[in-house]
There are 2 protein chains.
Amino acid sequence: MRPQKVLDNEILDGLSQVFRSKGYNGASLKDLSDATGLKKASLYHRFPNGKKEMADAVLNHIQSWVEERVFFELLNEENSPNIRLKKGLNEIRILYNGGKEICIFRALSLQSGLELFANEINNGMQKWVSTFESLGLSFGLTPTEAKNEATRTLIKIQGSLIVSKGLNNIEVFENALQEIEMTYSKF
Amino acid sequence: MRPQKVLDNEILDGLSQVFRSKGYNGASLKDLSDATGLKKASLYHRFPNGKKEMADAVLNHIQSWVEERVFFELLNEENSPNIRLKKGLNEIRILYNGGKEICIFRALSLQSGLELFANEINNGMQKWVSTFESLGLSFGLTPTEAKNEATRTLIKIQGSLIVSKGLNNIEVFENALQEIEMTYSKF
DNA sequence: ATTATGTTACCGAACGTTTGGTAAAATTGA
DNA sequence: TCAATTTTACCAAACGTTCGGTAACATAAT
């Protein structure tokens with residue numbers, strides 16, 4: 001039998017899991033191989049430029065997910081701002097598994113020497129800001145207020161993920177999401 | 001000349017810098033050797049248990065700094081709550097170099113396999129929470145309010161560090177510190 | 001329909017390098 | 001001389017990466 005092709009999504013999910021839980025340096029080719037079910041050499045067949053290319057693929061994979069799920073709901077003009085926010089926050093809940101998983105930006109932001117993924121992370125975060133900025137405008141905020149509130153929201157999400165993990169208490173994350181919802185709904 | 005003993009503080013500062021900028025896995029013994037001016041084997045003379053012991057020492061080193069500087073100011077009964085907060089936030093500014101440096105917890109929270117520093121990080125964060133909790137009580141908050149506000153404050157600090165770095169804009173960090181000051185001073 | 005050729009998907013084994021770590025010797029001050 | 005400190009030289013293991021090869025499929029000329 002010809003070796004059955006491992007599905008791209010299964011590979012990307014496996015790689016994502018490893019990079020997110022161990023970071024870039026912590027993720028060994030052995031780990032990535034085990035998580036995907038592909039031997040090291042096969043990984044190099046799919047990703048000729050090695051580990052860096054795998055991490056880039058993961059970054060794109062997750063970014064696409066975020067755009068199709070989180071950003072889509074937050075910007076979906078068929079819904080009212082309140083519903084948009086509620087649905088968007090729900091996707092964020094899924095993205096971070098209720099506070100148990102960490103952000104891929106954080107996992108890839110620390111590695112030896114040069115900042116390998118600084119550009120990708122910067123672009124990704126800008127998109128988060130401008131998405132919440134749009135939502136703020138829909139809630140009737142001024143452009144300045146909308147931008148500030150968007151930044152504050154990002155801070156709450158990222159900060160609560162860290163504190164949740166540090167205190168080993170996912171309530172912190174859930175509370176932060178609810179605070180975000182309350183804050184916007186008062187506008 | 002006898003090989004001059006490198007001062008403990010210089011060693012710890014060097015180690016801190018490497019671990020904070022590269023994380024645990026990203027910090028190689030070569031990096032640590034270069035940063036301290038000690039050859040690998042000399043590092044093993046000071047830290048017989050190797051890299052893990054070095055990182056533990058860094059964690060204690062920074063934790064001591066935080067307690068002597070940050071927590072001291074935040075809890076200093078000679079000052080009013082407002083002054084305490086102002087001085088404490090200033091120490092935090094120094095600790096994170098105005099938003100340019102990241103938290104040691106974050107740097108050491110991601111490494112292969114088991115969570116090597118989970119306990120230390122957990123204890124450290126608890127202390128941050130209870131310190132701000134005390135401050136909240138001094139501001140006249142109820143115990144529940146004080147605890148919630150302490151958590152919110154930690155989230156702002158940690159979150160703004162991440163977003164600052166991601167957006168490459170240290171204003172985000174500075175704004176967060178000022179928001180913390182404003183929030184408490186309204187109580 | 002058969003054959004030849006090329007492509008796709010995978011894997012075992014090995015590559016050179018770097019890793020964290022150590023034993024023994026050199027260097028110094030006391 | 002002695003003990004403390006640093007260094008040179010070295011090691012096994014793990015690292016990311018590459019190579020050579022196999023088996024199944026696709027294409028298309030015969």
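To find a chain, count down the sequence lines: A is the first, B the second, and so on, and within it residues start at 1. Please read these numbers as outputs of a predicted model, since none were measured by experiment.
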For [X] and [N], is the shortest distance between a side-chain N/O and OP1 or OP2 below 4.0 Å?
{"X": "B/His45", "N": "D/dT6", "value": "no"}
{"X": "A/Ser42", "N": "C/dA9", "value": "no"}
{"X": "A/Arg46", "N": "C/dT8", "value": "no"}

**OP:** Using whole Å, report how far NZ of B/Lys39 lies from C1' of D/dA4.
**Re:**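 In whole Å, D/dA4 C1' and B/Lys39 NZ are 19 Å from each other.
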Original post:
How long is the line joining CG of B/Leu116 and P of C/dG20, in whole Å?
Top reply: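 One finds 13 Å between P of C/dG20 and CG of B/Leu116, rounded.
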**OP:** Verify, without hydrogens or angle tests, whether A/Ser164 (side chain) and A/Phe173 (backbone) share a donor-acceptor contact under 3.5 angstrom.
**Re:**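 Looks like yes, one N/O pair under 3.5 Å.
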**OP:** Using modelled atom types only, decide if a donor and an acceptor are shared between the side chain of A/Ser33 and the backbone of A/Leu29 within a distance under 3.5 Å.
**Re:**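 A pair under 3.5 Å: no.
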**OP:** Answer yes or no: is there an ion pair linking A/Arg152 with B/Glu179, defined by an N-O contact shorter than 4.0 Å?
**Re:**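 Salt bridge between A/Arg152 and B/Glu179, a charged N being under 4.0 Å from a carboxylate O: yes.
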Subject >> Salt bridge A/Arg93-A/Glu174, side-chain N to carboxylate O under 4.0 Å >> reply: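 Yes.
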**OP:** Could you check A/Glu10 against A/Thr36 for side chain to side chain contact (heavy atoms under 4.5 Å, CB included), going step by step and ending with a plain yes or no?
**Re:** CA-CA 7 Å; A/Glu10 292 177 17; A/Thr36 53; over 6 Å; no
Subject >> B/Phe117 and B/Phe105 aromatic centres sub-6.0 Å >> reply: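 Between B/Phe105 and B/Phe117, which both carry aromatic rings, the centre distance is not below 6.0 Å.
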Original post:
Quick one: what's the B/S/- string for nucleotides 15-20 of chain D, heavy-atom cutoff under 4.0 Å, read 5' to 3'?
Top reply: SBBBB-
